[in-house]
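A short worksheet on the structure shown next.
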Amino acid sequence: MNEIKNLTIRSTLDGFNKKEFSQEELRQEFLELIKKENKKLNAYLDIFDGPEAKVMSGVLKGVPCAIKDNILIEDTRCTAASKILGNYVSTYDATVIKKLKEAGAIFLGKTNLDEFAMGSSTENSAFGLTKNPHDLSRVPGGTSGGSAAAVAAGLTVFALGSDTGGSVRQPASFCGVVGLKPTYGRVSRRGLMATASSLDQVGTLTKNVYDSALVLGVISGRDHFDSTAVLKEVPDYTYEIDQSIKGLKIGVPKEYFAEGLNNRVKNVIQEAISKLGGLGAEVIEISLPHSEYALAAYYIIMSSEVSANLARYDGIKYGFSVSEKVKNLIDVYTRSRGVGLGEEVRRRIMLGTYALSAGYYEAYYRKAQQVRTLIKGDFDEAFKKVDVIVGPTAPTVAFKLGEKTSSPLSMYLEDVYTVAINLAGVPAISIPCGFIDKLPVGLQLIGKHFDEATILRVGHNFENN
Amino acid sequence: MPISIKDVEHIAKLARLGLSDKEKDKYSKELSDILAYMDKLREVDTKNMELTAQVSGLRNILRKDENHEKVDVEKIKKIIGQAPDREDNFIKTKPILEK
């Protein structure tokens, strides 16, 4: 039982079958481990140490998992790491939670994030920052930093996160775990607190690629409560994951290796790409010509959607409300939002409000949507020539706590290789591909719309060879 | 484009955000920097370019206009119960119209 930190979904299920431990024994072991080790990491915000869980059945029977605290689990607290939702209790299960319950998964607790999933380091949490298990003086990445740190530290078997512009993949890269963002529309967003609705997607954080394939199969599918969740068959993503990648065409966008990429990260990524070549894939240089405009377009679109979505946090319907010295309704709104929402969240609400306001809409929001068309077009063109696109997940390894908090723009630049994927809506996965001074580096594999199977196959081959 | 303190006050009012004077000053500098970076987009020729608001390719997902979940009184109580200020089963707010 001392090896529970390394348990994958497959080895957990094996352990049950061989009667090495029972579901409840394993849950208790994890809870004990979390209580011991969470103090130094602050990966979990809430721990579910209630009475004995009932014995579960299903493809994830008894497998312990952790959930990012912007995904609703009925009758438990859900804060989005914001003061404004500090006492909010979910009134229903998110569709992904309902599906995990049906598959038999067991919930260990809720994990930390950047407030309302805005940030790149999990330092924007109202409930304290999370630390990187590989080096406690460094950030775990963000916004799903709590989920990534929990998986990396072995404080859960797997976790769910959400990815609006890299929030699953970048922390996966920094923490040395596997992070998958599915195609927009593959997984229901019902019960995921909305950040930017045209970009948000629930994703998985796991110890290997096979586990990502397993969990994706469970959480995918159509939902009557989220009309963007597409009616499309959900394949068994593990089915051909072992198949060779011989002859597969892998594109390397030259723009992803230009200025801004740390040299040592570049070397690790290039080595990883050579390895894919060695496994029989045909490596081809490609171009995604509008890459350098993705970040600007992303932050305008994202902030604009945020400014509308977060209007609901008004101090009236639920959550934190200022009641002292307020005269009228406007006072309740401005004071509750002013005190209840954190600095970065307010910054983006203002940026979005500005981009949508009279006189600036054309120059910013409309322009960004046009650039989004061009960026999506870049991927459509590239995928006529290649099956998978490969590059770095992040320009650096995990940076120091506090290193980028004083400059919002330098924090935004962390997302330079991940945001275009959300703008285009394609799937991508970050897999560990090496270390620099004991800090993990992530390789990003990008696939065609709804072709998660191919990036999972490439990732699985990379991992096992 | 530089964002003045007056601009920040205007945006904050539209967004219903209360800000201190110190914050107004800080946000005016930061938003100016961020928007200067966004101005990069002007380099891109987007004449006659279509807009992309979403990428699912879906259009008008409709359903019959009927109840598909039974009214659950307990759930409604749970939802109303989260309001900071309430009376019986009603959410209370401050007056909108002032005397």
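Order of the sequence lines fixes the chain letters, A, B, ..., with proteins taken first and strands second; residue numbering starts at 1 for each chain.
Ion pairing between B/Glu50 and A/Lys376 fails under the 4.0 Å rule for side-chain N and carboxylate O.
Top candidate by heavy-atom pairs under 4.5 Å with chain A, chosen from B/Lys92, B/Met38, B/Glu43, is B/Met38. The candidate with the highest count of non-hydrogen atom pairs below 4.5 Å against chain B, out of A/Ser198, A/Ala296, A/Gly338, is A/Ala296. Of the listed residues B/Arg42, B/Arg86, B/Lys78, the one with more heavy-atom pairs under 4.5 angstrom with chain A than any other is B/Lys78. Interface summary for chain B: among A/Leu231, A/Leu351, A/Ile349, the most heavy-atom pairs under 4.5 angstrom belong to A/Leu351. Between chain B and the residues A/Val426, A/Thr228, A/Ile300, the most heavy-atom pairs under 4.5 angstrom are made by A/Ile300. Across A/Leu409, A/Asn328, A/Val230, A/Thr353, the residue that shares the most heavy-atom pairs under 4.5 angstrom with chain B is A/Asn328.
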* Starting from the C-alpha separation in whole Å, work towards a yes-or-no answer on side-chain contact (heavy atoms from CB on, under 4.5 Å) for B/Ile3 and A/Met350. => CA-CA 11 Å; B/Ile3 301 292; A/Met350 284 197 284; over 6 Å; no

* **Working for side-chain contact (heavy atoms from CB on, under 4.5 Å), residues A/Lys367 and B/Met49** => CA-CA 9 Å; A/Lys367 182 85 182 179; B/Met49 186 56 61; over 6 Å; no

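Taking CZ of A/Arg347 as the reference point, atom OH of B/Tyr27 lies at 5.5 Å (rounded to 0.5 Å). Summarising the geometry, atom CD belonging to A/Gln370 is positioned 9.0 Å from atom CG belonging to B/Asn48; distances are rounded to the nearest 0.5 Å. To the nearest 0.5 angstrom, B/Lys26 atom NZ is 4.0 Å from A/Glu343 atom CD. Atom-to-atom distance recorded for B/Asp33:CG and A/Tyr412:OH is 11.0 Å, nearest 0.5 angstrom.
In plain terms, the two heavy atoms of B/Gln82 and A/Asn87 that are nearest each other are OE1-O, 4.2 Å. A pairwise comparison of heavy atoms in A/Tyr293 and B/Lys40 identifies CE2-O, 3.6 Å as the closest pair. Closest non-hydrogen pair, A/Thr373 versus B/Leu51, comes out as OG1-C, 3.6 Å. Scanning all heavy atoms of the two residues, the minimum distance from A/Gly315 to B/Pro84 falls at O-CG, 3.6 Å. Taking each heavy atom of B/Tyr37 and A/Glu292 in turn, the nearest pair found is OH-O, 4.5 Å. Pairing each heavy atom of B/Ile34 with each of A/Pro408, the nearest pair is CD1-CB, 4.3 Å.
Of the two parts of A/Ala355, neither the backbone nor the side chain holds a non-hydrogen atom closer than 4.5 Å to a non-hydrogen atom of chain B. Within the 4.5 angstrom heavy-atom criterion, only side-chain atoms of A/Tyr360, from C-beta onward, approach chain B. Residue A/Ile330 touches chain B through its side chain alone, counting heavy-atom pairs closer than 4.5 Å. Of the two parts of A/His224, neither the backbone nor the side chain holds a non-hydrogen atom closer than 4.5 Å to a non-hydrogen atom of chain B. Of the two parts of B/Leu41, the backbone and the side chain both hold a non-hydrogen atom closer than 4.5 Å to a non-hydrogen atom of chain A. Neither the backbone nor the side chain of A/Ser307 comes within contact range of chain B, judged by heavy atoms closer than 4.5 Å. In this structure, the portions of A/Val89 lying under 4.5 Å from any heavy atom of chain B include both its backbone and its side chain. Heavy atoms closer than 4.5 Å to chain B are found in the side chain of A/Leu413, but not in its backbone. Neither the backbone nor the side chain of A/Phe450 comes within less than 4.5 Å of any heavy atom of chain B. Only the side chain of B/Lys75 comes within contact range of chain A, with at least one heavy atom under 4.5 Å from a heavy atom of that chain. Using a 4.5 Å cut-off between heavy atoms, A/Val339 makes no contact with chain B at all. For chain B, the nearby part of A/Leu341 is the side chain; its heavy atoms alone come within less than 4.5 Å.
For B/Asp39 and A/Tyr364, the side-chain atoms include at least one donor-acceptor pair closer than 3.5 Å. Side-chain contact annotation: A/Tyr184 with B/Gln54, donor-acceptor N/O pair under 3.5 Å absent.
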I'd like a table of donor-acceptor pairs (distance under 3.5 Å, sequence neighbours excluded) in which one partner is a side-chain atom from residues 8-23 of chain B, with atom names and distances.
residue : atom : partner  : partner atom : Å
B/Glu9  : OE2  : B/Lys24  : NZ           : 3.3
B/Arg16 : NH1  : B/Lys13  : O            : 2.7
B/Ser20 : OG   : B/Glu23  : N            : 3.2
B/Ser20 : OG   : B/Glu23  : OE1          : 3.4
B/Glu23 : OE1  : A/Arg346 : NH1          : 3.3
B/Glu23 : OE1  : B/Ser20  : N            : 2.9
B/Glu23 : OE2  : A/Arg346 : NH1          : 3.0
B/Glu23 : OE2  : A/Arg346 : NH2          : 3.0

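With hydrogens and angles disregarded, no donor-acceptor distance shorter than 3.5 Å links the side chain of B/Lys94 to the backbone of A/Asp331.
In this structure, A/Lys98 places its NZ atom where only 12 or fewer heavy-atom neighbours from other residues, nucleotides or ligands lie under 6.0 Å away.
Between A/Val332 and B/Thr93 there is no side-chain heavy-atom pair separated by less than 4.5 Å. By the 4.5 Å heavy-atom criterion applied to side chains, A/Arg366 and B/Thr46 are not counted as neighbours. Looking at heavy atoms from C-beta onward, A/Ile375 lies out of side-chain contact with B/Thr52 at the 4.5 angstrom threshold.
Using a 4.5 Å heavy-atom cut-off against chain A, the contacting residues of residues 56-67 of chain B are B/Ser56, B/Leu58, B/Ile61.
Under the side-chain contact (heavy atoms from CB on, under 4.5 Å) criterion, B/Ile91 pairs with A/Ile316, B/Ile80, B/Ala83, sequence neighbours left out.
Within the structure, side-chain hydrogen bond (donor to acceptor under 3.5 Å, both in side chains) contacts touching residues 311-323 of chain A (residues at least two apart or in different chains) are A/Asn309-A/Arg312, A/Asp314-A/Lys317.
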